[in-house]
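All remarks here apply to the structure that follows.
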Amino acid sequence: MSKNGNHTVNRLALVGIPMAVFVLGLKMLAWWVTGSVALLSDALESIVNVVAAVIAWGAIRYASRPADADHPFGHHKAEYLSAVVEGVLIVVAAMLIVQEAVPKLWAPSLMEQPVLGLGINLAASVINTVWATILIRAGKRHRSPALLADGHHIMSDVVTSAGVLVGLLLVLATGYAILDPVIAIFVAVNILFQGWSIISNSVNGLMDHAAGADEEAAIKQTIAENAHGSLGVHDLKTRRAGQAIFIEFHLVVPARMAVADAHEICDRLEAALERVHQGAQIAIHVEPETEKAHGIKVKVERNRA
């Protein structure tokens with residue numbers, strides 16, 4: 001990632017903390033003026049947003065550290081750990097919501113000042129929608145799992161809030177107060193699935209998942225166009241670690257080729273791959289044509305000088 005990109009990710013993560021606190025304040029106010037357990041469930045999820053924003057900021061700062069003697073491949077996976085923690089917190093929030101909502105099934109009550117409370121909650125949802133969109137776009141652009149997890153969580157919070165608002169409007173229209181705790185329980189089930197999704201995606205990243213299909217296709221194309229002078233490429237492997245991508249492969253050259261010539265081909269390939277994937281970490285193993293090819297192969301273009 002470029003310095004500008006790194007600065008952008010860090011700045012967004014930092015701004016996310018006061019933003020989450022402000023939205024939490026609005027949702028707690030909405031619950032306070034109405035007494036609605038459904039709005040309380042929405043506010044409890046926003047508490048998770050605050051904690052997650054702090055964790056994401058810390059993880060992104062740590063992940064942006066350069067490689068050192070103890071972490072020669074960098075600190076990129078710290079963002080995945082942040083996302084796992086966020087997923088766990090979401091699951092905890094779901095359990096708290098159920099704990100609050102179940103007793104209300106036997107003693108439901110109608111909301112106080114419903115128009116004011118729902119209006120405040122709607123304002124919080126609009127703010128969340130804008131902020132989540134910004135985070136998701138930046139997370140995709142800069143390959144930040146922590147920003148993406150935070151953005152998707154906030155966007156799911158928006159969906160949850162929309163469901164709560166619709167449900168509470170039904171409560172007002174029908175007078176059935178029991179719908180309030182029922183809605184809260186549905187909210188808990190919904191965010192439970194969200195938490196599981198974030199955890200599973202993050203664990204996938206910690207397990208050195210390969211680059212995406214589009215990324216791998218671009219890598220193969222770049223190698224094919226810039227490996228002229230060699231006899232072929234095989235055993236191509238890729239993996240993602242947060243913002244970083246690791247690429248390694250075997251480069252087959254004529255048995256009598258000079259080391260300097262083989263090194264020139266490697267330099268050319270590394271420069272080309274870094275243009276496509278800025279900051280990519282590349283390892284090329286040079287071997288003679290007598291070695292048997294294995295793994296993923298790349299057909300090298302022959303029509304170049």
Residue pair Ala124 / Lys27: nearest heavy atoms and the distance that separates them: CB-CG, 4.0 Å
Side-chain touch Trp31/Asn121, heavy atoms, less than 4.5 angstrom: no
Which donor-acceptor pairs under 3.5 Å do the side chains of residues 247-256 make with protein atoms, sequence neighbours left out?
| from | atom 1 | to | atom 2 | distance (Å) |
| --- | --- | --- | --- | --- |
| His250 | ND1 | Glu287 | OE1 | 3.2 |

Counterpart residues, side chain to side chain contact (heavy atoms under 4.5 Å, CB included), relative to Ile120 (two or more places apart): Leu26, Leu29, Ala30, Leu116
Side-chain heavy-atom pair Trp57, Leu12 within 4.5 angstrom cut-off: no
Set of residues satisfying side chain to side chain contact (heavy atoms under 4.5 Å, CB included) with respect to Val130, sequence neighbours excluded: Ile134
Taking every non-hydrogen atom, the tightest pair across Ile282 and Glu270: CD1-O, 3.7 Å
Neighbour count above 12 (heavy atom, 6.0 Å) for Arg137 CZ: no
Flag side-chain contact, heavy atom, 4.5 Å: Leu269 against Ile284: yes
Heavy-atom check, side chain of Arg239 versus side chain of Ile245, under 4.5 Å: no
Value rounded to 0.5 Å, distance of NE2 in His277 from OG1 in Thr222: 6.5 Å
In one Ile/Leu/Val/Met/Phe/Trp/Tyr side-chain cluster, 4.5 Å: Ile185, Val166: no
Separation between OG1 of Thr34 and CG of Leu40, rounded to the nearest 0.5 Å: 9.0 Å
Cluster overlap Ile17 with Val9, hydrophobic side-chain contacts below 4.5 Å: no
Spatial distance of atom CD1 (Ile219) from atom CG (Asp214) [nearest 0.5 Å]: 11.0 Å
Heavy-atom closest contact (Leu24 atom, Ser46 atom, distance): CD1-CB, 3.9 Å
Val158 to Ser125 - nearest heavy-atom pair and separation: CG2-O, 3.9 Å
Heavy-atom closest pair, residues Met257 and Gly229: CE-O, 3.2 Å
Heavy-atom pair of closest approach, residues Val286 and Cys266: CG2-SG, 3.5 Å
Derivation of the side chain to side chain contact (heavy atoms under 4.5 Å, CB included) call for Met155 and Leu135: CA-CA 10 Å; Met155 189 60 80; Leu135 290 181; over 6 Å; no
Rounded distance [0.5 Å steps], CD in Gln281 versus CG in Leu273: 13.0 Å
Inter-residue atom distance Asn226.CG - Ile265.CD1, 0.5 Å rounding: 11.0 Å
NE2 (His263) with more than 12 external heavy atoms under 6.0 Å: no
CZ-CD1 distance between Phe22 and Ile127, expressed to the nearest 0.5 angstrom: 4.5 Å
Test log, rule side chain to side chain contact (heavy atoms under 4.5 Å, CB included), inputs Lys237 and Asp235: CA-CA 6 Å; Lys237 296 176 183 177; Asp235 202 21; 3.4 Å; yes
